[in-house]
Amino acid sequence: MAEGASPQGLNSFLLQAQARALRVAEISTRSRDDALDIVQDAMLHLARAYGRRPADEWPPLFHRILENKIRDWQRRQTVRNRFFFWRQEREEDDDAPPPEERAPDLAIPDATERLMQDEAMLRLKSALAELPARQREAFVLRIWEGLSTDDTATAMGCSDGSVKTHLARALANLRGKLGESWSL
Amino acid sequence: MNTTTDLADLPAADRAFAVMARQGLRASEALDYVESARLAAGRQRAVAAMLEPARRPGWLLAPAGAALAVALLIAVLPSRLAVTPGLPAVPHVNANEVAALEWAADEAGPEFYRDLEFYQWLEQHGKLESLPEPNA
């Protein structure tokens, strides 16, 4: 087994990566349950296929696996929605919390500010979800995850130049959608 | 893990936006107990899978099966195709079947073979000649 590639090392890595991976999957799927399934699958896949690889190779591999799982999920949903779109809409309506639970409690101090921040984050996540897959991937890995351009290129399976191009387009798209006045 | 916040290669306006987006996105990462529990279960399964011995990929069985099938065909086909083209196939007859055919062509009646041991006894004791002819 390579240096650092131990079960404890894998557990630490997954513990550190899991929350961000979940949010990334959640943005793409817009479903927490599906996002949880995807992240769990990605964890298992990483352990089975690359668990014995050096630990410093795990981050780009994990993100690559995660993106592939998200893409597979989107393909399946596309097919499924062609036949069952009406059913899904009904389920979503049933799952939505009642309006009184969705309304913020304005009596809490900073509630208005928090509401504005939440609103800004919702808009950002929504704009992120609408980006083309490769642009979203570049933004998530480079900006959110904070990977270097090299590691991002490894995770995306493309060149450094392509990463820079996708990222520049993603940023331009997001700023265009959110407006220049967007802030948290 | 390389998580350097090196955004220096971005234009100033993009960098300011990227830093703000990063802060907001990272602040939204807090997990609730349901998410934590399910992710912990996923981590446990992953760690357990890492400790399992390496499994032979299932797709390796397909070429192995195909190779076995080809080998069987090579072994069986020549004996099936060993007939000269254009001639009718000669039926294979074994020694027992030939003996049976000789028995059927024998002039002696089936009743002779039915009492074979009796006639052998008669022959041994020299009494066979004293028997009358069957058609007499």
Side-chain angles (χ1 to χ4, degrees), chain A residues 5-8 10-11 13-23 27 32-33 35-37 39-48 51-52 55-56 58-59 117-118 120-121 124-125 128 139-140 142-151 164 167-168 171-172 174-175 178 180 182-184, chain B residues 1-70:
Chain A
S6 64
Q8 293 82 7
L10 181 72
N11 189 50
F13 165 71
L14 293 175
L15 189 60
Q16 181 213 333
Q18 63 180 12
R20 197 164 296 159
L22 177 64
R23 296 297 168 238
I27 284 175
R32 188 180 73 158
D33 282 338
L36 280 164
D37 288 344
V39 174
Q40 285 177 315
D41 279 353
M43 287 174 168
L44 203 55
H45 192 141
L46 177 78
R48 281 190 177 144
R52 288 161 204 280
D56 58 353
W58 287 340
Q117 282 185 356
D118 289 350
M121 279 309 300
L124 173 61
K125 287 181 175 177
L128 206 48
F139 180 88
V140 164
R142 188 78 183 83
I143 305 299
W144 190 350
E145 186 66 32
L147 293 184
S148 68
T149 306
D150 281 351
D151 284 347
K164 288 177 183 170
L167 181 62
L171 288 167
L174 287 174
R175 290 177 62 197
L178 296 170
E180 292 302 319
W182 180 85
S183 67
L184 288 172
Chain B
M1 183 178 182
N2 184 3
T3 52
T4 51
T5 55
D6 180 23
L7 302 175
D9 56 339
L10 297 178
D14 278 349
R15 199 183 319 143
F17 173 82
V19 168
M20 202 157 42
R22 172 184 287 175
Q23 285 171 354
L25 289 167
R26 289 188 176 178
S28 72
E29 288 173 4
L31 301 173
D32 63 28
Y33 70 94
V34 174
E35 293 165 343
S36 297
R38 283 187 62 182
L39 291 173
R43 270 200 331 274
Q44 281 175 3
R45 279 213 305 273
V47 170
M50 189 186 180
L51 295 171
E52 285 171 7
R55 293 188 311 174
R56 185 175 295 160
W59 55 265
L60 278 180
L61 293 175
L68 184 67
V70 169

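Proteins come first, then strands; the chains are lettered A, B, ... in the order of their sequence lines, and each starts at number 1.
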So, taking the atom named OG in B:S28 and the one named CD1 in A:I27, what distance separates them when rounded to the nearest 0.5 Å? 6.5 Å

Can you say whether A:D37 sits under 4.5 Å from chain B via the side chain, the backbone, both, or neither, judging by heavy atoms? both

Just wondering, do A:R32 and B:D32 contact through their side chains at under 4.5 Å, heavy atoms? yes

Nearest heavy atoms of A:L10 and B:A46, plus distance in Å: CD2-O, 4.0 Å

Side-chain contact, heavy-atom cut-off 4.5 Å: B:L25 with A:R23? no

Identify the two heavy atoms, one from A:W144 and one from B:E29, that lie closest to each other, and give their separation to 0.1 Å. NE1-OE2, 2.8 Å

Can you confirm whether B:D9 sits close enough to A:L167 that some side-chain heavy atom of one is under 4.5 Å from a side-chain heavy atom of the other? no

Partners meeting salt bridge (charged side-chain N to carboxylate O under 4.0 Å, His left out) with B:D14 (sequence neighbours left out): A:R175

What part of A:L22 lies closer than 4.5 angstrom to a heavy atom of chain B: side chain, backbone, both or neither? side chain

Rounded distance [0.5 Å steps], CE in B:M50 versus CE in A:M43: 14.0 Å

To the nearest 0.5 Å, tell me how far A:I143 CD1 sits from B:R22 CZ. 6.0 Å

Counting only heavy atoms closer than 4.5 Å, note whether B:A30 contacts chain A via side chain, backbone, both or neither. backbone

Non-hydrogen atoms of A:Q18 and B:L39 that approach each other most closely: OE1-CB, 3.3 Å

Has B:R38 got a side-chain atom pairing as donor or acceptor with A:L36's backbone, closer than 3.5 angstrom? no

Tell me, for A:D33 versus chain B, whether the close heavy atoms (under 4.5 Å) come from the side chain, the backbone, both or neither. both

Can you name the residues that form a salt bridge (charged side-chain N to carboxylate O under 4.0 Å, His left out) with B:R45, not counting sequence neighbours? none

